[in-house]
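Below you'll find the structure, written out as structure tokens, and then a few comments.
Ligands are counted one by one from 1 in listed order, and the atoms in each one are counted from 1 as well.
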Amino acid sequence: MKAIVQDTYGTADVLELREIERPEVGDDEVLVRVHAAGVDPGVWHLMTGLPYLIRIAGYGFRAPKFPVRGNDLAGRVEAIGKDVTQFQVGDEVYGTSDGTFAEYVSAKASKVALKPANLSFEQAAAVPTSALTALQGLRDHGEAQPGQRVLIIGASGGIGTFAVQLGKAFGAEVTGVCSTSKVDMVRSLGADRVIDYVRNDFTHMTQRYDLILDMAGNRPLSMLRRALTPEGTLVIIGGEEGGPWLGGTDRQIRALLLSPFVRQRLRTFVAKESGEDLLVLKELIESGKVTPVIDRTYELSEAADAIRYLDEGHARGKLVLTV
Ligand SMILES: NC(=O)c1ccc[n+]([C@@H]2O[C@H](COP(=O)([O-])OP(=O)(O)OC[C@H]3O[C@@H](n4cnc5c(N)ncnc54)[C@H](OP(=O)(O)O)[C@@H]3O)[C@@H](O)[C@H]2O)c1
């Protein structure tokens, strides 16, 4: 089968389209014929091996332990492991697994779900990592409540476009922060207000928020806290600023260390790859409350171009590879 493979860490130039063995299906896995694969900043981290923290965390010290890139998938079940009861051959599914930039992937059955019926494979592949992160950030770590004022920093990106829609679905009053050319798009997703960060700095405005989700990662903790209500919650989700060792995680660690000593709740998390939450998203998508926003679609052979574009940091929603 064809797959996007890398032998060493590096820039997108290390990615090669190669013929490799089709994976075997494990007892608790489904073999999926991938039709589309989502592109996420996590792919960039595993491609570059940056920050170095991820190498120490077990992804491979000198080279990636698992050479096929990609984490999000949408496709059709081709075979099922002997312990899998919830899927049948032919089911259309979406979810996460290592190595989705390939014609076939063997995915844990617990990390996939039936695809939302109203989405194409391309649209469904845009959902898993970004929407799971937005959902868990708002619901589990932000504990979003109806009527709360919620600020989404990075509202025009992969996670942000889902977070705006999910925030509205939870009954919150949502303000999105993005750059000038994306203001209309974020408003069209349902945001009650949009702040163009090129023209206005929300940290200098009088409005305070009950919950802030930060995907952009380029504002100091003190500034974010200033925009929170006295007992508000800050959930730091990401950001690509910071050195090669820790990336932006030093800010997240500082937030966790400070949180017990202040009234505001300062939180961070790594999203769980969860088939159950994919079913929650399936319902929200099928009811029309959430729709993926796709900026560009690429062929599998153009995976490197997709990652270069993502690395510029200004995608309008999601990027997807068709396989
Ligand atoms: N914690 C987790 O489990 C988890 C899971 C997935 C991803 N992440 C991390 O979360 C981060 C965001 O991921 P993503 O997929 O949403 O990335 P993305 O699609 O590249 O979006 C990033 C967004 O940040 C915005 N941005 C850049 N500078 C900004 C600024 N000064 N103020 C406000 N917004 C700004 C950009 O909007 P404009 O183009 O409008 O500037 C862009 O839309 C990444 O660091 C990623 O690694 C964390």
Side-chain angles (χ1 to χ4, degrees), residues 38-48 50-51 53-54 57 71-72 96 125-142 151-166 175-187 189 191 194-205 212-220 223-224 227 234-242 246-253 255-256 267-274 277 292-296 306-320:
V39 184
D40 174 81
V43 173
W44 181 91
H45 289 294
L46 293 186
M47 178 188 82
T48 55
L50 293 173
L53 194 63
I54 65 167
N71 198 54
D72 286 354
T96 57
V127 175
T129 298
S130 299
L132 286 171
T133 307
L135 175 70
Q136 293 166 13
L138 282 163
R139 183 195 61 190
D140 306 339
H141 304 277
L151 184 74
I152 310 286
I153 309 172
S156 54
I159 299 170
T161 45
F162 287 109
V164 168
Q165 299 178 73
L166 287 165
T175 301
V177 180
C178 63
S179 58
T180 316
S181 65
K182 294 167 183 163
V183 168
D184 288 345
M185 185 265 281
V186 172
R187 196 171 286 123
L189 296 175
V194 185
I195 299 172
D196 171 358
Y197 70 77
V198 180
R199 300 205 168 117
N200 294 300
D201 183 348
F202 69 85
T203 63
H204 292 135
M205 294 176 169
I212 299 179
L213 248 58
D214 182 24
M215 271 71 74
N218 42 21
R219 289 173 187 82
M223 285 194 175
L224 296 175
L234 167 67
V235 182
I236 301 180
I237 290 187
E240 298 301 330
E241 310 256 313
L246 295 175
T249 54
D250 52 326
R251 207 173 54 116
Q252 302 177 14
I253 294 164
L256 290 182
R267 296 178 168 173
T268 187
F269 71 104
V270 175
K272 283 196 204 113
E273 299 175 270
S274 154
D277 277 350
V293 177
I294 297 181
D295 180 341
R296 296 184 188 177
I307 292 172
R308 284 188 197 102
Y309 178 58
L310 185 75
D311 188 29
E312 290 169 19
H314 298 287
R316 181 182 283 267
K318 292 290 301 177
L319 311 179
V320 174

Checklist entry - What do we get for His314 next to ligand 1 when only non-hydrogen atoms under 4.0 Å count, side chain, backbone, both or neither? => result both
Checklist outcome for this item: Counting heavy atoms under 4.0 Å, the part of Pro41 that contacts ligand 1 is side chain
Next on the checklist: For atom 39 (O) of ligand 1, what is the closest protein heavy atom, and at what distance to 0.1 Å?
Outcome noted: Lys182 NZ, 2.3 Å
Item to check | Donor-acceptor pair between Asp196 and Thr180 side chains, under 3.5 angstrom | outcome: yes
Next on the checklist: Looking only at protein heavy atoms, which one is nearest to atom 24 (O) of ligand 1, and what is the separation?
Outcome noted: Gly154 CA, 4.0 Å
Checklist outcome for this item: So for Arg316 against ligand 1, with non-hydrogen atoms under 4.0 Å, the contacting part is neither
Checklist entry - Which option, Phe202, Trp44, Tyr197, Phe162, owns the non-hydrogen atom nearest atom 33 (C) of ligand 1? => result Tyr197
Checklist entry - Among Gly248, Ser181, Gly158, which one has a heavy atom closest to atom 18 (P) of ligand 1? => result Gly158
Next on the checklist: Quick check against the 3.5 Å criterion: does Gln252 have a side-chain atom that pairs as donor or acceptor with the backbone of Ile236?
Outcome noted: no
Checklist entry - Any idea which protein heavy atom is nearest atom 12 (C) of ligand 1, and the distance to it? => result Met215 O, 3.6 Å
Checklist entry - Is ligand 1 under 4.0 Å from a heavy atom in the side chain of Ile159, in the backbone, in both, or in neither? => result both
Checklist entry - How far is atom 20 (O) of ligand 1 from its nearest protein heavy atom, and which residue and atom name does that atom have? => result Leu310 CD1, 4.2 Å
Item to check | Proximity of His45 to ligand 1 by residue part, where a heavy atom lies under 4.0 Å | outcome: side chain
Checklist entry - For atom 32 (N) of ligand 1, what is the nearest protein heavy atom, given as residue, atom name and distance? => result Arg219 NH2, 2.9 Å
Item to check | Any Ser156 heavy atom less than 4.0 Å from ligand 1 | outcome: yes
Next on the checklist: Under 4.0 Å, heavy-atom basis, I'd like to know which part of Ile237 is in contact with ligand 1: side chain, backbone, both or neither.
Outcome noted: both
Item to check | Heavy atom of the protein closest to atom 44 (C) of ligand 1 (residue, atom name, distance) | outcome: Glu240 OE2, 3.1 Å
Checklist entry - Please state which protein non-hydrogen atom is closest to atom 26 (N) of ligand 1 and give its distance, to 0.1 Å? => result Ala216 CB, 4.0 Å
